[in-house]
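Okay, structure first, notes after.
This one's a predicted model, so the numbers in the text were calculated from it and none came from an experiment. Lettering follows sequence order; numbering is per chain, from 1.
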Number of protein chains: 2
Amino acid sequence: MTIEHSILGVIASRPCTGYDIKTEFEHEGAGMVWGVSFGSVYPKLKSMEEQGLIQNYRTETKGRMKKMYELTPKGWEALHKWLGELPSYPSIKDELLLKLSMWDRGRPEDRQTLIYHMKNRKEQSQELLDYYLQWPQNGHSSISEFGMLGIQYVQERLETELRWIEKAILQLEGEPQPPVQDPYDLIPKQQERRNLAINPPVITVHPESSTDEDRV
Amino acid sequence: MTIEHSILGVIASRPCTGYDIKTEFEHEGAGMVWGVSFGSVYPKLKSMEEQGLIQNYRTETKGRMKKMYELTPKGWEALHKWLGELPSYPSIKDELLLKLSMWDRGRPEDRQTLIYHMKNRKEQSQELLDYYLQWPQNGHSSISEFGMLGIQYVQERLETELRWIEKAILQLEGEPQPPVQDPYDLIPKQQERRNLAINPPVITVHPESSTDEDRV
DNA sequence: TGCGACATGTAAAAAGTTACATGATTAG
DNA sequence: CTAATCATGTAACTTTTTACATGTCGCA
């Protein structure tokens, strides 16, 4: 439902085309706001026009036809109303965190691959941080006092993340540690279940025909 | 696509029912991993069984029939393989951040509502942090060395967020600040556009019938 | 002349949510 | 006895993505 409000907000800053909106989400919203695809922007613009939130007018820039969208009074009102509603708590989809939480279940011995994942994340977050650090001085973005608060938040979050990654890599490069808490011994039990599934025991009807020596 | 891998990971830790999986996502994955609904878990379990990743067996606990799922060798292998793949960069949907970035567009004068939103966020994050702080000592959760790294990450992220909120509220309670950067004066222009849309100018055919004094 | 950025869309598929439908057991 | 929790599922709907389809302009 929030893609509609994001579009409302982008058009509020300046009248723009569907293409503009899509690209705005790509760089300005880097890491901060989810991306959108053309396949979702254009149909949404259409439906928002039907709802009377926006209206388009055609302009010609360098001989090329463009469909510019501007907010209607109803659109300005919808933006105002939405901003006044309590935001829902953020939802985060972090695959690295998910993999970390189940690493011992699938790759108990393999610390190197995890370190590799972490280093990859470090690079990407560092790049994003560099982008956010230069943003307020790039000379072309419009940033209000409020927007700047958001940028500072992302900067601090990324700095914290980078510090954590450094620390985590150091730990992973060191000695394996025992579980922090495992009251029902689920972790060793789980590793047994896994071994049983991957290397099923040989069922022998005649014990004398199968001994330890059979396994090569 | 990742809901499938999350299920794989939960079943890896111990055989469980569809209900178990759904609740596991609610509390264990609080803020860390996205939630799932029954309507998506049960059909997914069915399709994963068809793919041969999991298999079910019926058990009776306290006279109640349960459908327990366990990983097949193929399922263990799929988990192992997925863990080895580079995780994609996290996607975050943070409505507060989005509203912050467009606050001046819809509610330029209203700092109080924004402060209210921030305080609400602060409470929720504090609650989540408290949960994460007691998690490693709750006496029933299984936490490996790797899982603990993830928990530490979330703790540090939340602490950083809370510090930022404190600072941001202080700023919002103070004097309004000018834009940090607005090279094309988009912000004042935007406010003009908004005023024009909300209070359209009275078009007068006879200028003498409409003067400044008309407006009360 | 051909490539990359600009520009607008549609159709099918995938993914997930909400609401509905059902029923057993347990704690107060 | 009744509400909450445990337990399993379906159907309709919404949202979003992917892939396709088309075409222009500027530049090297």
Side-chain angles (χ1 to χ4, degrees), chain A residues 1-8 10-11 14-29 33-51 53-69 82 88-89 91-93 95 98, chain B residues 1-8 10-11 14-29 33-51 53-69 82 88-89 91-93 95 98:
Chain A
M1 206 68 220
T2 324
I3 204 179
E4 207 166 295
H5 300 114
S6 311
I7 292 177
L8 233 38
V10 174
I11 301 179
R14 64 172 210 282
C16 52
T17 69
Y19 191 89
D20 289 337
I21 291 168
K22 204 270 177 182
T23 46
E24 190 81 6
F25 277 98
E26 254 164 23
H27 66 111
E28 300 282 289
V33 168
W34 50 104
V36 282
S37 57
F38 287 124
S40 85
V41 166
Y42 285 111
K44 189 56 84 177
L45 285 171
K46 209 178 182 177
S47 82
M48 286 170 74
E49 194 162 27
E50 277 159 20
Q51 287 172 63
L53 299 170
I54 55 176
Q55 54 189 320
N56 78 75
Y57 55 92
R58 286 173 186 272
T59 45
E60 211 179 301
T61 317
K62 298 174 196 164
R64 191 184 285 155
M65 214 45 157
K66 278 188 192 183
K67 221 170 153 179
M68 297 288 280
Y69 285 93
W82 175 69
S88 58
Y89 202 78
S91 87
I92 301 179
K93 292 192 188 185
E95 254 193 274
L98 189 63
Chain B
M1 206 65 223
T2 325
I3 204 180
E4 208 166 294
H5 299 113
S6 310
I7 292 177
L8 233 38
V10 175
I11 302 179
R14 64 173 209 280
C16 51
T17 69
Y19 190 89
D20 289 337
I21 292 168
K22 205 269 179 183
T23 46
E24 190 81 6
F25 277 98
E26 253 163 24
H27 66 112
E28 299 282 290
V33 167
W34 50 105
V36 281
S37 56
F38 287 124
S40 86
V41 166
Y42 286 111
K44 189 58 81 178
L45 284 170
K46 207 176 182 181
S47 82
M48 285 170 73
E49 194 163 26
E50 278 160 19
Q51 288 172 63
L53 298 171
I54 56 177
Q55 54 190 323
N56 79 75
Y57 56 91
R58 282 166 191 278
T59 45
E60 212 180 300
T61 317
K62 297 173 197 166
R64 192 183 284 153
M65 213 43 158
K66 280 189 193 184
K67 219 170 153 180
M68 297 288 280
Y69 285 93
W82 175 69
S88 58
Y89 202 77
S91 89
I92 302 179
K93 292 193 187 185
E95 252 193 276
L98 189 62

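- If you take NZ of A:K93 and C1' of D:dT16, they are 11 Å apart, rounded to a whole angstrom.
- Rounding to the nearest 0.5 Å places CG of B:L45 at 10.0 Å from CD of B:E4.
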Pairs under 3.5 Å (N/O, protein and nucleotides 19-25 of chain C):
from   : atom 1 : to    : atom 2 : distance (Å)
C:dT25 : O4'    : B:R64 : NH2    : 2.9

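- The shortest distance between the side-chain N/O atoms of A:K46 and the OP1/OP2 oxygens of C:dT8 is not below 4.0 Å.
- In terms of phosphate contacts, B:T17 brings a side-chain nitrogen or oxygen within less than 4.0 Å of OP1 or OP2 of D:dT8.
- Taking atom CG of residue A:L45 and atom P of nucleotide C:dT10, one finds them 12 Å apart after rounding to whole Å.
- Note that NE2 of B:H5 and CE of B:M48 are 8.0 Å apart. Values are rounded to the nearest 0.5 Å.
- The residue among A:M65 and B:S40 whose nearest nucleotide of DNA chain C lies closer to the 5′ end is A:M65.
- Side-chain atoms of B:K44 lie closest to C:dG16 of the nucleotides C:dG16, D:dA7, C:dT8.
- As a whole-Å value, the separation of A:E24 CD from C:dC6 C1' is 16 Å.
- Mapping B:K66 and A:V41 onto DNA chain D by nearest heavy atom places B:K66 at the nucleotide closer to the 5' end.
- Regarding contacts with the backbone of D:dT8, every side-chain N or O of B:K67 stays at 4.0 angstrom or more from both OP1 and OP2.
- Residues meeting the salt bridge (charged side-chain N to carboxylate O under 4.0 Å, His left out) test with B:K66, sequence neighbours left out: none.
- With rounding to whole Å, B:M68 atom CE is found 15 Å from D:dT8 atom C1'.
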Evaluation steps, side-chain contact (heavy atoms from CB on, under 4.5 Å), between A:K93 and B:T2: CA-CA 9 Å; A:K93 292 192 188 185; B:T2 325; over 6 Å; no

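- The distance from atom CD1 of B:I21 to atom C1' of D:dC6 is 15 Å, rounded to the nearest whole Å.
- Atom CD of residue B:Q55 and atom CD1 of residue B:I11 lie 10.5 Å apart, to the nearest 0.5 angstrom.
- Regarding A:I3, its CD1 atom lies at a distance of 15 Å from the C1' atom of C:dG16, rounded to whole Å.
- Put simply, CG on B:D20 is 12 Å from C1' on D:dT8, counting in whole angstrom units.
- A 4.5 Å side-chain heavy-atom check between B:V36 and B:I7 finds every atom pair outside the cut-off.
- With salt bridges taken as basic N to acidic carboxylate O contacts below 4.0 Å, none links B:K67 and B:E49.
- Note: OH (A:Y19) to P (D:dG23) measures 18 Å, nearest angstrom.
- For A:S37 and D:dT17, the shortest distance from a side-chain N or O to OP1 or OP2 is below 4.0 Å.
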